Amino acid sequence: QVQLAESGGGSVQAGGSLRLSCVGSGYTYIMSCMGWFRQAPGKEREEVAHIDSDGRIRYANSVKGRFIISSDSAKNSLYLQMNSLKPEDTGMYYCAADTPDLNDDGSWSCGDLEYWGQGTQVTVSS
């Protein structure tokens, strides 16, 4: 059974930093589609950053230049370094992962991510 477990959340003041970790277990294949998402109270879940199956990295405009996503396949781990945190970064952060889909033209691409962690809370005070 695939499981993802986040850690590293906490409470910090604006301008501070946190590093989130996500460790996967229960699988032997490489899930090369990975991402971090967050959900603030009363708001919809949004994507923060993700790594495509070809290694390309994308960030939400709101976190560009402040957050860094990285992975370590040997450790089945995904990380999110969050710097210069703002109160609007407050929310529950989730990691998600999946294997890529094979397209008709033989290429691979990431679709909706199937596996999700339980989340870790990040609270940034002003």
Side-chain angles (χ1 to χ4, degrees):
Q1 181 180 1
V2 176
Q3 290 188 325
L4 301 178
E6 303 96 335
S7 62
S11 297
V12 297
Q13 289 190 328
S17 298
L18 285 172
R19 185 176 190 244
L20 305 184
S21 298
C22 172
V23 179
S25 61
Y27 57 94
T28 57
Y29 43 87
I30 296 176
M31 291 200 282
S32 55
C33 302
M34 300 168 283
W36 286 97
F37 299 75
R38 67 185 179 190
Q39 186 167 22
K43 294 187 177 181
E44 292 187 354
R45 186 177 65 196
E46 63 173 348
E47 182 179 282
V48 175
H50 77 259
I51 303 176
D52 281 329
S53 56
D54 59 3
R56 286 182 298 176
I57 292 175
R58 301 181 185 181
Y59 296 97
N61 288 334
S62 59
V63 306
K64 279 183 181 177
R66 299 189 297 122
F67 290 12
I68 301 172
I69 187 173
S70 62
S71 66
D72 185 338
S73 59
K75 297 181 180 180
N76 285 347
S77 295
L78 182 69
Y79 307 100
L80 186 67
Q81 178 66 44
M82 306 187 295
N83 302 317
S84 302
L85 283 161
K86 304 176 180 179
E88 51 264 43
D89 294 319
T90 293
M92 186 70 77
Y93 282 69
Y94 301 89
C95 68
D98 203 346
T99 55
D101 299 321
L102 179 60
N103 301 314
D104 292 340
D105 62 1
S107 64
W108 296 86
S109 61
C110 297
D112 293 336
L113 303 181
E114 180 175 355
Y115 303 103
W116 292 77
Q118 294 299 307
T120 184
Q121 178 68 35
V122 172
T123 302
V124 185
S125 58
S126 58

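Treat the numbers as computed from the prediction; the structure is a model and nothing was measured.
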Which heavy atom in [X] sits nearest to a heavy atom in [Y], and how many Å separate them?
X	Y	result
Leu85	Leu18	CD1-N, 3.8 Å
Glu6	Tyr94	OE2-CA, 3.3 Å
Cys110	Ser53	SG-N, 3.4 Å
Ser62	Arg38	OG-NH2, 3.4 Å
Lys75	Val23	O-CG1, 4.3 Å
Ile69	Ile57	CG2-CG2, 3.4 Å

**Request:** With rounding to the nearest 0.5 Å, note down the distance linking OG in Ser126 to CD in Gln13.
**Result:**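 Atom-to-atom, Ser126:OG and Gln13:CD are 9.0 Å apart.
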
**Prompt:** When rounded to the nearest 0.5 angstrom, what distance separates CD in Glu47 from CG in Leu113?
**Reply:**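 The CG atom of Leu113 is 7.5 Å from CD of Glu47, to the nearest 0.5 Å.
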
**Message:** Please enumerate all residues that pass side chain to side chain contact (heavy atoms under 4.5 Å, CB included) together with Lys64, with sequence neighbours excluded.
**Reply:**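 Partners of Lys64 under the side chain to side chain contact (heavy atoms under 4.5 Å, CB included) test: Tyr59, Asn61.
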
**By side chain to side chain contact (heavy atoms under 4.5 Å, CB included) - contacts of Gln81 (at least two apart)** =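 Scan of Gln81 (side chain to side chain contact (heavy atoms under 4.5 Å, CB included), adjacent residues dropped) gives Ser17, Arg19, Ile68, Asn83.
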
**Request:** Mark yes when over 12 heavy atoms from residues, nucleotides or ligands other than Asp112 sit less than 6.0 Å from its CG; otherwise mark no.
**Result:**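 No, the 6.0 Å shell around CG holds no more than 12 heavy atoms from other groups.
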
**Message:** For Asp105, is the CG atom crowded, meaning more than 12 foreign heavy atoms sit under 6.0 Å from it?
**Reply:**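 Correct, the count exceeds 12.
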
**Asked** What salt bridge (Lys or Arg N to Asp or Glu O under 4.0 Å) pairs are there with at least one residue in residues 26-37, not counting sequence neighbours?
**Response**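 Found none.
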
**Request:** Begin with the C-alpha distance, continue with both residues' side-chain angles, and end with the deciding distance and a verdict on ring pair (Phe, Tyr, Trp, His ring centres under 6.0 Å) for Phe67 and Trp36.
**Result:** CA-CA 11 Å; Phe67 290 12; Trp36 286 97; 10.0 Å; no

